[in-house]
Each structure stands twice: as C-alpha cells, then as structure tokens.
Amino acid sequence: MTKLIQLYNTLTRKKEPFVPLQENKVSMYVCGPTVYNYIHIGNARSVVAFDTIRRYLEFRGYEVRYITNFTDVDDKIIKAAHEQNKTPKEVADFYIAAFFEDVDALGVKRSTAYPRVMDTIDEIIAFIQELIEKGHAYESFGDVYFRTDSFKDYGKLSHLDLDQLRQGASQRVDEEEWEKKESPVDFALWKKAKPNEIYWESPWGKGRPGWHIECSVMANLYLGDTIDIHAGGQDLTFPHHENEIAQSEAKTGHTFANYWLHNGFVTMDNEKMSKSLGNFKLMRDLRQTMDPQAIRLFLASAHYRHPLSFSASAIHEAKVQLDRIKTALRNAHHLLDQSATLQEGIDEAKVQEWEIYRTRFIDAMDDDFQVQNAVAIIYEMINALNRYLEQPRPTKETIEMMISQIQTLVGILGLTDLYEAPELLDEEIEQLIAERQAARDAKDFARADEIRNQLAAEGIRLEDTANGVRYHREGGVNNE
RNA sequence: GGCGCGGUAGCCAAGUGGUAAGGCCGAGGUCUGCAAAACCUCUAUCGUCGGUUCAAAUCCGAUCCGUGCCUCCA
C-alpha cells in the first residue's frame with residue numbers, strides 16, 4: 001500500500017495527501033462533549049465518524065494517539081449543578097458515565113486518554129501566562145482575554161475576515177464587555193468567578209478557564225506543539241477551532257494542526273439537530289427501541305462531511321441492512337459447521353476476486369473516508385458470499401476467507417461481533433426440532449408447522465436448508 | 001451582507017468529461033411441502049435555462065429551491 005490517503009482539509013478547502021509528521025504514527029485530537037446532558041445522535045455522529053477514521057488509519061498501519069477531552073467546566077454545567085443541587089464535578093461525572101454507555105453501545109473504541117478541564121487547570125494557567133508574557137493576551141478586571149489583533153492569521157481556518165468579524169461582534173457585544181475588551185473580537189481565556197461559582201486560584205484572582213483554551217492546552221500536553229489531525233463538528237470551525245489555532249500558534253510559534261477535519265450535521269426535517277433548537281434525539285432514548293449497531297450503520301450511510309437526515313425509517317432501513325450482513329455470516333457459519341460435506345482446499349480464483357473487493361474498499365476509504373462507498377462494497381461481498389454458499393462445491397477455506405475479509409472490513413466501521421455462535425438449546429427444544437424433522441419426513445406438515453410456530457413464539461426461528469435445519473434466536477430490539 | 005454545503009429513481013445515497021455504484025421499498029421469477037433465507041430479473045438521463053465539447057450528472061455562466069456557519073452547539 002504505497003498510495004497515500006487523501007483527506008479534505010478545512011484549512012485549505014482541498015483534498016490533500018495525508019502525510020503524518022512521523023512515519024507510521026498519527027496524533028489526533030477530537031473535541032469531546034460538554035458534559036451537562038446526554039449526547040444526542042448528532043453528537044454521536046461526530047464521535048462515530050472520527051472513530052471510523054481512527055480505526056481506518058490503524059487498519060492502514062498507523063499507530064494512532066487519539067485524544068478526546070471532556071469539557072467539565074462550563075456555564076451550562078454550573079447551571080445544571082445549581083438546578084440539581086450538585087457540584088459541577090458530580091454533574092460532569094454523571095454525564096461522562098452516561099457518555100461511555102452510549103458510545104460503547106455504538107462500538108466506539110476508547111481514546112488514548114480523556115483529559116478533563118478540572119484536572120488540567122495548572123497547565124491552562126501556565127499556558128495563559130505565557131500568552132500574556134508574549135503579548136498575545138491581557139488581564140482585565142480579573143478576566144484574561146486573547147488579543148486577537150496580535151495574531152495575524154486569525155480567520156485562516158474558517159476563512160472569515162477579521163474586519164467583518166469585528167463589525168459583527170461590535171454590534172453584539174454589550175457595554176460591560178466593551179469596557180473589558182480591547183477589541184470586540186477578543187475572547188476569554190480566563191473568566192473571573194461570579195459569586196457561588198466554581199473557581200480556582202490564579203495569578204488573576206479566582207476564576208475558571210474559558211472554553212477554547214482547554215483544547216489548546218490538552219492537545220499540546222498530550223500530543224505536542226504540532227498535531228497531525230484535529231477534528232470536530234462543523235459548528236466548531238468558528239469560533240472554537242479558529243481560537244484554538246490563535247492561542248496555540250501564538251504560544252508555540254508552530255503550526256497547531258496540519259489537517260482539520262469537520263463532520264456534517266445530522267438533520268431533522270431538513271434542519272440541523274441541535275441542543276439549542278431542541279430538535280434532538282438522545283442516544284439514550286434511541287437505544288431503547290433501536291439496535292445501536294443499526295444506528296452505527298445508519299451513520300455510515302452518507303459521507304461524513306455531508307448532512308445526514310435522521311428518521312426512524314432510515315434507522316429501520318439500516319437495521320434491515322445490518323441483518324442482511326449478519327444473516328449471511330450466520331448462514332456461512334452454518335455451512336461451515338457441516339464441514340463433513342464441504343470440500344477441502346481454497347479456491348484461488350476467489351482469493352484473487354476478494355482481494356479486489358478489499359482493494360476497492362481501501363480505495364473508497366483512502367478517498368477522504370468515503371464510508372458509504374465502502375459499505376456498498378461490503379454489500380457486494382455479502383452478495384458474492386451468498387452466491388458462493390449456493391454453489392454445489394464450496395470449500396471450507398474459501399468460506400473462511402470470505403468471512404474473515406468481511407469481518408475485517410466491517411470492523412473498520414465499528415461493527416464487530418456480527419456473528420455469534422448459536423447458543424446451545426435446551427434439551428426440550430432439541431427434542432422438538434428432532435420431532436419436527438421426523439414429522440416432515442413423514443410428511444406430517446401440520447405437526448411440523450405447529451412446532452415451528454411454537455418455537456417461533458419462543459423467539460427461535462427455524463430455517464430448513466439443504467444442509468439441515470438452521471436456527472437462530474431473534475432477540476433484542478426490533479426497530480419496528 | 002460575508003463564507004460554505006446540497007438539489008441524481010418512490011425513498012436513502014455514490015458517481016466530477018465518455019452514455020448513471022450500492023441499499024431500502026415495490027413487481028415478477030427460481031429454490032422450498034410451506035415458510036424463512038438466498039439467488040435472478042425489472043424500475044432514473046441527473047432542479048431549471050443557456051454555453052463549451054465529438055461527448056456533460058460531471059466544465060463555464062445564469063437562475064430557482066433547501067440548508068449551515070458568521071453568538072453556546074458535534
């Protein structure tokens with residue numbers, strides 16, 4: 001694999017060949033959630049999109065250091081804490097635990113580390129101090145602001161014009177801020193604590209970090225001055241990521257991140273799903289009635305930068321597709337279990353054919369992570385597998401090769417454990433299945449169907465095949 | 001106003017110069033005692049108008065519609 005991965009870089013607005021700083025190693029920072037609520041499917045999309053990219057980079061042989069933060073100091077958390085009569089840390093801890101439950105269900109791989117603001121205060125203060133020393137920040141009435149005019153590249157990521165931003169901001173900023181800020185576009189690095197707010201001691205008095213500074217500090221702390229990939233939702237491009245660049249590059253004098261990746265939104269009725277609009281679906285609620293793996297497959301149904309329209313029927317469609325993959329794997333395994341009747345040896349022509357599928361999958365992913373095209377190839381593989389299983393003389397090793405290929409590629413999409421060996425059945429049920437076979441042999445189809453229906457009522461589905469009875473348990477959520 | 005994204009079959013969604021991937025749904029068929037699963041076949045000329053070209057969904061111009069960021073938001 002000598003070809004380079006191409007990825008779309010928000011910074012240059014172009015697809016670029018991906019060349020990490022160190023050969024075979026990738027440093028990646030993805031902005032994590034502010035933990036004052038459960039995550040919704042829009043948040044999940046971001047997590048899943050970059051998890052898939054991370055998994056793909058690992059598949060391509062890179063060692064990925066993958067950092068996601070938790071914002072656990074923030075206005076909304078403070079507000080939630082007051083309302084719930086808890087400390088901010090308690091609120092954060094609660095929603096962090098909930099976050100893991102949600103993303104674990106989606107098959108998201110754990111990050112290398114999950115830094116939290118509360119644990120990074122000292123480093124944040126030191127970082128801000130350095131910015132002040134270098135003239136890029138100033139203290140004002142207990143707050144500290146970033147001096148935007150001191151950073152000549154401001155706006156390079158979002159491609160916004162500083163003068164226009166200044167105009168826009170000047171109309172919005174209130175009188176109090178006017179007094180405190182040198183320029184309306186300056187943003188807070190440190191906020192003076194209001195009464196009854198959580199605070200830390202600092203050279204500027206009691207206060208807490210602003211929103212943007214944490215990511216600059218954590219990325220620097222865990223990944224160094226320059227990182228390979230920085231990612232997040234499109235809505236973070238401005239101001240969050242723009243400000244991160246300003247802070248980090250002003251401090252270090254080095255490029256903060258070489259590649260900026262931004263995922264598109266999940267929409268509801270053609271509108272962006274967002275907490276502020278209130279039109280969101282919590283993962284926690286969706287998981288009650290929808291298979292999380294189907295949700296994950298749904299999230300792979302469009303390119304990560306494009307909008308993705310959420311609907312129950314779309315998830316249902318994904319569930320049907322997921323079942324198609326699972327059924328094919330199950331049927332293949334069923335045939336393998338009849339290995340006495342299978343031929344030995346491997347079909348070299350099939351091996352070659354399947355290398356082509358693999359290559360096409362890689363080509364799709366190499367081109368800015370076109371998962372929806374990669375998934376299309378998986379469906380072609382499923383079709384090819386199903387056809388092969390129907391051949392008169394399939395060989396054991398060939399089937400195993402196909403299963404292995406499918407599982408590897410589907411695993412990159414975070415869909416693992418799609419095949420579970422059929423659980424052992426109760427003796428009673430075994431008896432019934434045997435009885436049904438006898439009934440069928442005796443052409444007593446009424447009795448045979450009766451038993452099949454009875455077992456179906458217990459969630460065990462029987463399928464008659466040329467290679468004996470196949471059964472599986474239908475369980476879990478149905479997505480109906 | 002500035003900076004973007006998108007308009008492809010009933011639905012979702014690829015395709016960025018050579019006569020439209022894949023999936024869902026639907027119809028028909030094969031296999032099966034039936035069912036299930038699977039397989040096979042069928043279903044589009046690409047928002048509109050104009051231009052460039054031997055050739056355009058794909059390039060250029062115009063236009064209509066939807067939508068995102070510019071303030072917290074994945």
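Quick note on labels: first sequence line is chain A, next is B, and so on, each numbered from 1.
Here A:Val266 lies in heavy-atom contact (under 4.0 Å) with a base. Heavy atoms of A:Pro33 sit nowhere under 4.0 angstrom from any nucleic acid atom. Residue-level contact check: A:His306 touches the backbone only, with heavy atoms under 4.0 Å from sugar-phosphate atoms and none from bases. Across all strands, A:Ser301 comes closer than 4.0 Å only to sugar-phosphate atoms, never to a base (heavy-atom distances). A:Lys275 comes within contact range of the sugar-phosphate backbone alone, with a heavy-atom separation under 4.0 Å but no base atom that close. Across all strands shown, A:Leu236 has heavy atoms under 4.0 Å from sugar-phosphate atoms exclusively, and none from any base. Using a 4.0 Å heavy-atom criterion, one finds that A:Phe265 contacts the bases of the nucleic acid, with or without backbone contacts as well.
The side chain of A:Ala376 sits closest to B:G22 out of B:A74, B:A14, B:G22. Side chain of A:Glu317, nearest nucleotide from B:G15, B:C24, B:G2: B:C24. Relative to the side chain of A:Lys272, the nucleotides B:C69, B:U67, B:A13 differ in distance, and B:C69 lies closest.
Aromatic ring centres of A:Tyr154 and A:Phe146: separated by at least 6.0 Å.
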I'd like a table of donor-acceptor pairs (distance under 3.5 Å, sequence neighbours excluded) in which one partner is a side-chain atom from residues 434-441 of chain A, with atom names and distances.
from, atom 1, to, atom 2, distance (Å)
A:Glu435, OE1, A:Arg447, NH2, 3.4
A:Glu435, OE2, A:Arg447, NE, 2.8
A:Glu435, OE2, A:Arg447, NH2, 2.7
A:Arg436, NE, A:Ala448, O, 3.1
A:Arg436, NH1, A:Asp464, OD1, 3.0
A:Arg436, NH2, A:Asp464, OD2, 2.8
A:Gln437, OE1, A:Arg440, NH1, 3.4
A:Arg440, NH1, A:Asp464, OD1, 3.2

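At a cut-off of 3.5 Å, with distance as the only test, a side-chain donor of A:Arg296 or A:Thr52 sits close to an acceptor on the other residue. A:His306 and A:Gln372 are not linked by any side-chain donor-acceptor pair at a separation below 3.5 angstrom, with hydrogens and angles left out of the test. A donor atom on one side chain and an acceptor atom on the other are not found under 3.5 Å apart for A:Tyr95 and A:Asp72. Using a 3.5 Å distance cut-off with no hydrogens or angles, the side chains of A:Glu214 and A:Thr71 do pair a donor with an acceptor.
Across A:Val91 and A:Tyr36, no two heavy atoms sit closer than the pair CG1-CA, 4.4 Å.
As rounded to the nearest Å, B:G47 and B:G66 have C1' atoms that lie 11 Å from one another.
Across the protein-nucleic acid pair, A:Arg172 atom CZ and B:C69 atom C1' stand 12 Å apart, rounded to whole Å. In this structure, the CG atom of A:Leu11 is 14 Å from the P atom of B:G4, given to the nearest Å.
Between A:Gln167 and B:G2, a side-chain N or O to OP1/OP2 separation shorter than 4.0 Å is absent. Remark: A:Gln372 is in phosphate contact with B:A14, judged by side-chain N or O atoms under 4.0 Å from OP1 or OP2.
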- Task: Apply salt bridge (charged side-chain N to carboxylate O under 4.0 Å, His left out) to the pair A:Asp104 and A:Arg110, showing each step before the final yes or no.
- Result: CA-CA 8 Å; A:Asp104 285 352; A:Arg110 291 294 173 112; 2.8 Å; yes
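For RNA chain B, the residues of residues 35-47 of chain A within the heavy-atom distance limit of 4.0 Å (strictly under) are A:His40, A:Gly42, A:Asn43, A:Ser46, sorted by number.
A salt bridge is absent between A:Lys181 and A:Asp186; no separation between the charged side-chain nitrogens and carboxylate oxygens falls under 4.0 Å.
A donor-acceptor contact under 3.5 Å links the side chain of A:Lys76 to the base of B:C72.
The side-chain contact (heavy atoms from CB on, under 4.5 Å) test with A:His262 is passed by exactly one of A:His230, A:His241, A:Arg305: A:His241.
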- Letter per nucleotide, 5' to 3', of nucleotides 32-48 of chain B [B base touched, S only sugar-phosphate touched, - untouched; heavy atoms, 4.0 Å]: -BBBBSBSS--------
